[in-house]
Amino acid sequence: MLVKKDMQELDFSALKQDFPILTQQNRNKPLVYLDSASSAQKPRQVIEAMSHFYLQDYANIHRGIYELSELATDLYENTRQVIKNLIHAPKADEIIFVSGTTEGINLVANSFGRANWQAEDEVIISHMEHHSNIVPWLLLQKEIGIKVKVIPITDEGAMDLNVYPTLFTPRTKLVALNHASNILGTINPIKEMIAIAHAHNVPVLIDGAQAVPHMPVDVQDLDCDFYVFSGHKLYGPTGTGVLYGKKHLLEAMPPYQSGGGMIETVSFEEVTFAKVPQKFEAGTPNIAGVIGLGAAAAYVQSQGIENIFRHEQALLQYAEEKLLQIPGLRLIGTAKPKLGVLSFVMDHLHPHDIGTVLDHEGIAIRAGHHCAMPLMERFNVPATLRASLGLYNHQQDIDVLVEAIYLAKRFLG
Ligand SMILES: Cc1ncc(COP(=O)(O)O)c(C=O)c1O
């Protein structure tokens with residue numbers, strides 16, 4: 001178990017033991033993992049919770065009257081409690097397990113949206129959304145004729161708050177925004193933006209995929225109506241995620257998928273549905289994954305999310321200073337406050353070519369459009385390189401990255 005030296009510092013020798021994968025090699029060089037915004041590595045505690053469940057405690061949940069099934073149910077339901085605490089939700093039954101942020105947003109679009117919206121109704125999103133917070137709304141635009149309105153962003157990568165309030169009309173039905181951008185790193189002023197939406201009686205969905213692993217989140221303080229995030233970016237397993245929704249909204253929404261687990265009674269004439277959250281968890285869920293997600297959230301809490309935030313902020317500052325000294329390097333996303341996401345391009349060099357050189361230096365970094373093509377267009381670039389930080393990164397990782405970028409410049413330039 002990771003031991004804290006004090007309230008501010010994470011203990012890296014203990015961290016290395018928690019994340020054995022990070023002691024491996026990448027192309028015969030020590031692995032430098034800088035792709036946590038895409039997916040985070042998993043601590044031993046998460047892997048052990050899942051393998052212990054499969055080895056010792058496995059059974060289906062909510063069904064069996066035998067001890068093993070009760071135990072599995074308790075372990076699964078315990079994660080709901082852990083997640084409730086992590087994001088300060090008022091009630092555990094406002095936590096719905098989904099396969100990830102993508103499914104959480106699709107659930108809201110297809111249940112809340114389809115049940116309540118008609119042609120000409122409007123949804124406000126921003127220019128810095130991930131495709132998973134764009135495409136579900138565009139599909140509804142195509143299918144039922146809603147309009148998608150887009151908040152522009154500044155050259156630094158902040159929401160244009162002058163334009164945002166002007167987008168509301170009596171037809172506005174939802175605002176859907178990311179808490180923090182996966183490319184720019186910008187932490188958006190969502191509390192203020194939610195208050196503006198509520199002043200127009202418009203509910204707000206927040207895509208917290210990038211925020212939850214890196215900063216404290218309090219859904220009651222934010223007063224958001226829906227909040228979604230992915231387990232795999234929170235040091236948890238793939239195929240897990242969370243949709244938080246205010247109880248009265250969830251209760252009024254029709255089911256998203258149907259089958260076993262989400263009903264109360266079924267006859268050939270009539271079906272009645274289980275209460276929230278079971279109404280939205282059709283079929284046998286990802287039981288081991290959810291148990292792993294609980295272990296991941298507990299792991300993050302054991303480190304202290306404030307400690308993680310402070311650590312990554314210090315590292316972000318160090319990385320920005322170092323990267324900006326490299327001639328020809330341009331950071332995309334300089335608005336503050338921001339998370340530890342460093343997107344950049346280099347004069348005359350293609351991001352994929354640099355990414356290939358970095359890979360040969362042991363560095364795992366993403367090059368591409370990062371599932372946000374409209375944002376690439378906004379900054380007039382085909383792709384960027386993106387180094388993204390996790391709690392296990394430290395200054396040495398940045399030093400290796402900077403050295404390797406100089407090498408790529410010499411090699412490719
Ligand atoms: C801001 C944001 N939203 C949504 C997603 C989609 O998450 P997932 O693929 O886990 O569903 C991501 C993933 O990178 C993201 O960064």
Side-chain angles (χ1 to χ4, degrees), residues 33-42 46 83 87 96-110 123 125-139 150-151 153 157-159 175-188 190 193 204-215 217 222 224 226-244 256 286 289-290 292-293 296-297 312 332-333 335 338-343 364-376 378 383-390:
Y33 191 76
L34 288 168
D35 199 19
S36 295
S38 177
S39 200
Q41 296 297 346
K42 321 301 169 202
V46 168
I83 297 296
I87 61 170
I96 293 159
F97 295 123
V98 288
S99 65
T101 305
T102 302
E103 190 181 36
I105 298 173
N106 276 276
L107 193 163
V108 174
N110 288 295
V123 172
I125 62 173
S126 85
H127 210 134
M128 64 168 98
E129 300 306 318
H130 187 280
H131 292 162
S132 61
N133 196 27
I134 301 176
V135 182
W137 316 118
L138 293 183
L139 284 180
V150 181
I151 308 165
I153 58 173
M159 295 274 185
V175 173
L177 303 171
N178 67 76
H179 197 166
S181 159
N182 64 315
I183 296 184
L184 308 166
T186 316
I187 302 172
N188 290 308
I190 55 165
M193 297 179 83
V204 182
L205 175 147
I206 299 298
D207 167 357
Q210 294 298 334
V212 171
H214 306 288
M215 61 185 276
V217 170
L222 294 171
C224 53
F226 300 104
Y227 196 101
V228 291
F229 63 95
S230 300
H232 69 99
K233 296 183 200 285
L234 183 68
Y235 310 99
T238 52
T240 63
V242 168
L243 163 66
Y244 155 80
Y256 163 59
N286 182 359
V290 166
L293 172 63
E312 293 177 4
I332 308 277
K338 66 175 275 179
L339 291 177
V341 176
L342 299 125
S343 285
I365 190 174
R366 183 109 178 243
H369 56 64
H370 318 290
C371 297
M373 284 183 180
L375 190 66
M376 296 292 108
R378 166 67 181 81
T384 73
L385 286 145
R386 181 184 69 183
S388 55
L389 308 176

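Each ligand, and each atom within it, is numbered from 1 in the order the structure gives.
In D207, the part holding a heavy atom less than 4.0 Å from any atom of ligand 1 is the side chain. Only side-chain heavy atoms of H232 come within less than 4.0 Å of ligand 1; its backbone N, CA, C and O stay farther off.
Distance OG/S126 to CD1/I153: 7.0 Å, rounded to 0.5 Å.
Ranking the protein heavy atoms by distance from atom 11 (O) of ligand 1 puts T102 OG1, 2.6 Å first. Atom 15 (C) of ligand 1 has its closest protein heavy atom at H130 CD2, 3.4 Å. Taking atom 16 (O) of ligand 1 as the reference point, the nearest protein heavy-atom neighbour is Q210 NE2, 2.6 Å.
Looking at N188, its side chain never comes within 3.5 Å of a backbone N or O of I190 through a donor-acceptor pair. Under a 3.5 Å cut-off, the side chain of H130 and the backbone N or O of S132 do form a donor-acceptor pair. Side-chain atoms of T186 do not come within 3.5 Å of backbone N or O of S181 as any donor-acceptor pair.
Short contacts between ligand 1 and N182, defined as distances under 4.0 Å to a heavy atom of the residue, involve ligand atoms 16 (O). Atoms of ligand 1 found under 4.0 Å from any heavy atom of S132, numbered from 1 in the order shown, are 3 (N), 4 (C), 5 (C), 6 (C).
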- Message: Pair T240, H232 - check side-chain contact (heavy atoms from CB on, under 4.5 Å), show working.
- Response: CA-CA 7 Å; T240 63; H232 69 99; 5.7 Å; no
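Among the candidates I96, L293, T101, L234, the single residue satisfying the side chain to side chain contact (heavy atoms under 4.5 Å, CB included) test with V242 is L293.
Checking S230, G208, S99 against atom 7 (O) of ligand 1, the nearest heavy atom belongs to S230.
Heavy atoms of C371 come nearer than 4.0 angstrom to ligand 1 in no pair at all. Between K233 and ligand 1 there is a heavy-atom distance shorter than 4.0 Å.
Below 30°, between 30° and 60°, or above 60°: for Y227 and H179 the angle between ring planes is above 60°, a perpendicular geometry.
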